[in-house]
*Asks:* 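The structure is given below, and queries will be raised subsequently.
All residue numbers refer to positions in the sequence shown, counting from 1. In listed order, ligands and their atoms are each counted from 1. As the structure is a prediction and not an experimental result, all values here were calculated from the model.
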Amino acid sequence: MQVAQIQTYPLRAMLKVPFGFSQLYFEQRENLLVEVTCEDGTTGWGECFGPALPARAAVESCVAPLVVGHNVFDTELIWHTVWQRNLDHARHGPLMAALSGVDIALWDLKGKLTGLPLHRLLGGARTEAVPCYATGHYFRRVPEDDLIAVILDEAARYADAGFGALKIKIGKNIAFDLRLIEAVRGKFPDLTLMADANHAYCLNEATRIGRALQEHGYFFFEEPVAPHALEDYALLRSKLDVAIAGGENEQTRFGFRRLVESGALDIAQPDLAFCGGISEGTKIRALANSFGVDVTPHAWGTQIGFAAAVHFHATAPPNPGRLEDELLPLECDHSESTARDRICPEKVTVKDGSAIVPDRPGLGVEVDKEAMAEFVVR
Ligand code: CA
């Protein structure tokens, strides 16, 4: 069964309410979807994380010509063919995001052609429901007292919906961050809390913030320092008990090898739509586990990327495992995204804070092209 065609769909939606994190305020959201069609007309869907237009150019000019004509089931052969042919330019960046999206679509196709859900192709799910944490709590352009109230209200909605774990954004400024860390813990004494700085701090600042997170019983501290500052990551980790997480901007087993070898992380967060796809994600997870590092994917796109992450995470091996063991919670993005909410009529069900692992063939979510049309960038 050969790959006949690969099409790309860059999506863009303006936000009703712009929201910010430690680096900027978003006015719009972008996604890039990839549709791979095989010779009998069956289609598989994938997604690329990061800027949509460079990834689209990479799919169309560097990846698709090498994939069309291959057997759909040859995902390893295809991955290494694209990798080797583009090695001088594709070790990091949009080209690897492009391969990621095509790889996810191929796995969706393998599932649809065999009638098997993705988690079965990956070797079997250890659970029917993946525990999730709600990502949201972004900054708004309002006075800081009001912002804390807005974030606490938002967190209360997730808690009411059954989420037992929440992730806040920090990295606005040190004084605000310390107030927010304390306020969220004060309102939710029993929830699992995490904080994501999106590399906002130098080592000294991260140490101070990390001690506050520790004092208030936060579970992990995500992207405390710059992604290239591996020595700072390792030093910070040696000073703190709170788990250090990161890796959403890293790609391939070779990139993650540097991260885990340097002692930077307790928890690695590859994004399947960026790190090299499902094929590379399984290798990154095996590599990380061999260093004692646990993995929970970063997921910040449409239902396509989320479904891939849910299947993948459901197949995580115990690391190291115990009688009463739980998966690390998986990211479940709740920030505004009309494309995410509208283009897939059948979504991954999230109930009581857990994602029900789809049992339909492939990813188990399908794109409605009519619903998608209003978001496609011409
Ligand atoms: Ca993050």
*Asks:* Run the side-chain donor-acceptor check on residues 156-165: report pairs under 3.5 Å with partners two or more places apart or on a different chain.
*Replies:*
unit_1 : atom_1 : unit_2 : atom_2 : d
Tyr158 : OH     : Glu154 : OE2    : 2.4

*Asks:* Between Asn86 and Val82, does a side chain to side chain contact (heavy atoms under 4.5 Å, CB included) hold up when you go through it step by step?
*Replies:* CA-CA 6 Å; Asn86 292 288; Val82 176; 3.7 Å; yes

*Asks:* Is the terminal nitrogen or CZ of Arg141 (NZ for Lys, CZ for Arg) located under 6.0 angstrom from the six-membered ring centre of Phe19 and within 45° of that ring's axis?
*Replies:*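 No, Arg141 does not lie over the aromatic ring of Phe19.
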
*Asks:* Return all protein N, O or S atoms below 3.0 Å from the Ca ion (ligand 1), chain by chain in residue order.
*Replies:*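 For the Ca ion (ligand 1), the protein N, O and S atoms that sit under 3.0 Å away are Asp196 OD2, Glu222 OE2, Glu248 OE1.
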
*Asks:* Any ion pair linking Arg185 and Glu215 (charged N to carboxylate O, less than 4.0 Å)?
*Replies:*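 Looking at Arg185 together with Glu215, the answer is no, because their closest N to O distance does not fall below 4.0 Å.
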
*Asks:* Taking salt bridge (Lys or Arg N to Asp or Glu O under 4.0 Å) as the test, write out the residues that go with Lys167, two or more places apart.
*Replies:*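 If we apply the salt bridge (Lys or Arg N to Asp or Glu O under 4.0 Å) test to Lys167, skipping adjacent residues, the hits are Asp196, Glu222, Glu331.
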
*Asks:* Kindly list each side-chain donor-acceptor pair under 3.5 angstrom involving residues 290-299, sequence neighbours excluded, with atom names and distances?
*Replies:*
unit_1 : atom_1 : unit_2 : atom_2 : d
Ser290 : OG     : Leu287 : O      : 2.6
Thr296 : OG1    : Pro329 : O      : 2.8
His298 : ND1    : Asp271 : OD2    : 2.6
His298 : NE2    : Glu248 : OE2    : 3.4

